[in-house]
Amino acid sequence: MTTQTQTPAYVVTTQTKASQITAVAACALLAALVLLPFVAGRGLIQDLFFVLTMLVLAQFWNLLAGYGGMVSIGQQAFVGMGAYAMFGGVILAGIDPIPAILLGGVAALIVAIPTAFFAFRLQGPYFAIGTWVIAEVMRLIMAQTQSLGGGTGTSLPRAATREMWATEWIAELFDVRNSAARDILTYWLALALAAASIAAIYALLRSKPGLALSAVRDNPEAAKSVGVDAGRMKWVVFLSSAFGTGLAGALIYVQKARISPDAAFSVTDWTAYVLFIVIIGGIGTIEGPIIGVIIFFLLQSLLADFGSWYLFTLGIIGILVMLIAPRGLWGLITDKTGIQLFPVRRRLSGGTQDTSDT
Amino acid sequence: MSLLTTTGLTAHYGDFQALFGVDIALNEGETIAIIGANGAGKTTLMRSISGVLQNGPEMITLSGQPIGGLSADQILPLGLAMVPEGRRLFPSLSVEENLLIGTYGRKVDGYWSLEAIYDLFPILAERRNNPGTALSGGQQQMVAIGRALMSNPKVLLCDEISLGLAPVVIKDIYAAVPKIQASGASLIVVEQDIGQAMKVADRVYCMMEGRVTLEGTPDSFSRNDIHAAYFGVSA
């Protein structure tokens, strides 16, 4: 063992063979998805838009709960505020819907600051309930905002959606009608947002602050004693999660083109489903939400005709997964195969160490 | 001038006062031991110095700089690291990540690096990819010590590093102390195991009920002195 000091050729890395293959496969998949509208019909593009936006919401909830240890059930606050800010930008300020999506992210970020201020005083289940209450308050406030339709909601002005950036160009390129071009545009934006979210979260987790984040989740006091500013890490995670969720919310409502407070602040649509996706896929992993959203979409398509039985089934599956595989399906897969597509664990390679990796 | 001092240090938990004017001084390159029975205030003293508890700014100084009012994450970068009581490893991190995170708040070149830690505790190199909590108590203690050393601290606080470990394991852990001393770090060792503490310390402080009751070099006092300072009664 003493030979180690003579050969200091150690390199700390998170890369594995599987992760290198993933990187190549991800680029190929991304390219294929970008080109998909050339061959796919409008129905598939709309379905994929739904899958991609749910994936973004799931990744950010997973960042918050799975990595940051903050189990929020109030993410609909940021979906709703993002969506309403986009509507406000279009209706009240006459901005094009596409740049107004950014406004949605910024608005979610801004409302997240007072939200965090209150919610961070609460721990565990109280934090969860607190975030939900705050989201309800925002729903009630938006229901009182008559300029954006009040309780019954409103639609994007026809002129704004018709003349939306790039739609004319896409309509010509694909030789489709304006409404189909809008679907393609929002699909591309959802794809870009999903890819950017995963890349950004992965980069965060591989960086040194990512390590600090895990430490804070495990033991805030011990994290402080190694020099981690635990409070600041919580703020960073909460605000970035709100920003991403707000962008996704705004994008979802550009595509829907119609908003109401009950829909935009729906705890079922924007938090319960998202929780389901993350939990069955595997909380605390980047792969988990990806698997989860695919399963969620398949279940939704299969059970579409069964009404409330659909929700019933989701609930049972969720409970079974929690009991049988608490780390989700991806947890089962890694336990069996050891594969990690997005490894964040730092390993030492090189040197004269000959022990096997366990 | 001493590297670290506490002057009239008081600490409270709500209405309960745990420390009543504690004065200690640690000189450069020195190891001091703080002994005392349960509830004497040893851990409160460590928590105050490391910044887990906040005190009056001037009550604690490090290299002449007042640090009493700073929090743990502000103190670590100044060169003071703690091996906390109960080890407090991060369960979701591997052994190696537990060590690497030791450099989070303070990354300075010095004697201690991953290689140096693995040299000090070779068993950790073998277990480096295991989750931190999958180790035995003694190995976890080694990780906790290594994690604190990774920041190359000027002062290392060791709070009850023998707690809950078998005697043979305690011997292994304490075998590392002279190497840590040789690296130039100054140590404050808090112990209930007086024997171990006396062996490694240059000076000893004995505490009772939140006060220092005895101070001196290990060979300067008798068994009876310690007994009186420890329990408040003569043997």
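Proteins come first, then strands; the chains are lettered A, B, ... in the order of their sequence lines, and each starts at number 1. Everything quoted here is computed from the prediction, not taken from an experiment.
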Just wondering, are more than 12 heavy atoms of other shown residues or ligands nearer than 6.0 Å to [atom1] in [X]?
X	atom1	answer
B:Tyr13	OH	yes
A:Trp235	CH2	yes
B:Phe20	CZ	yes
A:Asp335	CG	yes
B:Gln54	CD	yes

Nearest heavy-atom pair of [X] and [Y]: which atoms, and what distance?
X	Y	value
A:Asn219	B:Phe90	O-CE2, 3.7 Å
B:Ile101	A:Ala215	CD1-CB, 3.3 Å
A:Met233	B:Tyr104	SD-OH, 4.1 Å

Which bit of A:Ala230 comes within less than 4.5 Å of chain B, counting heavy atoms only: side chain, backbone, both or neither?
->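 Contact with chain B is absent: no heavy atom of A:Ala230 under 4.5 Å.
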Among residues 270-281 of chain A, which residues come closer than 4.5 Å to chain B, judged by heavy atom distances?
->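 Counting heavy atoms that sit under 4.5 Å from chain B, no residue of residues 270-281 of chain A is involved.
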Once you round to the nearest 0.5 Å, how far does [atom1] of [X] lie from [atom2] of [Y]?
X	Y	atom1	atom2	value
B:Met82	A:Lys224	CE	NZ	12.0 Å
A:Leu211	B:Thr103	CG	OG1	8.0 Å
A:Asp218	B:Arg88	CG	CZ	12.5 Å
B:Asp73	A:Ser225	CG	OG	10.0 Å

Which bit of B:Arg147 is near chain A, if near means a heavy-atom gap under 4.5 Å: side chain, backbone, both or neither?
->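 For B:Arg147, side-chain heavy atoms alone lie under 4.5 Å from chain A.
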All side-chain hydrogen bond (donor to acceptor under 3.5 Å, both in side chains) counterparts of A:Asn62, not counting sequence neighbours =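 A:Asn62: no side-chain hydrogen bond (donor to acceptor under 3.5 Å, both in side chains) contacts found.
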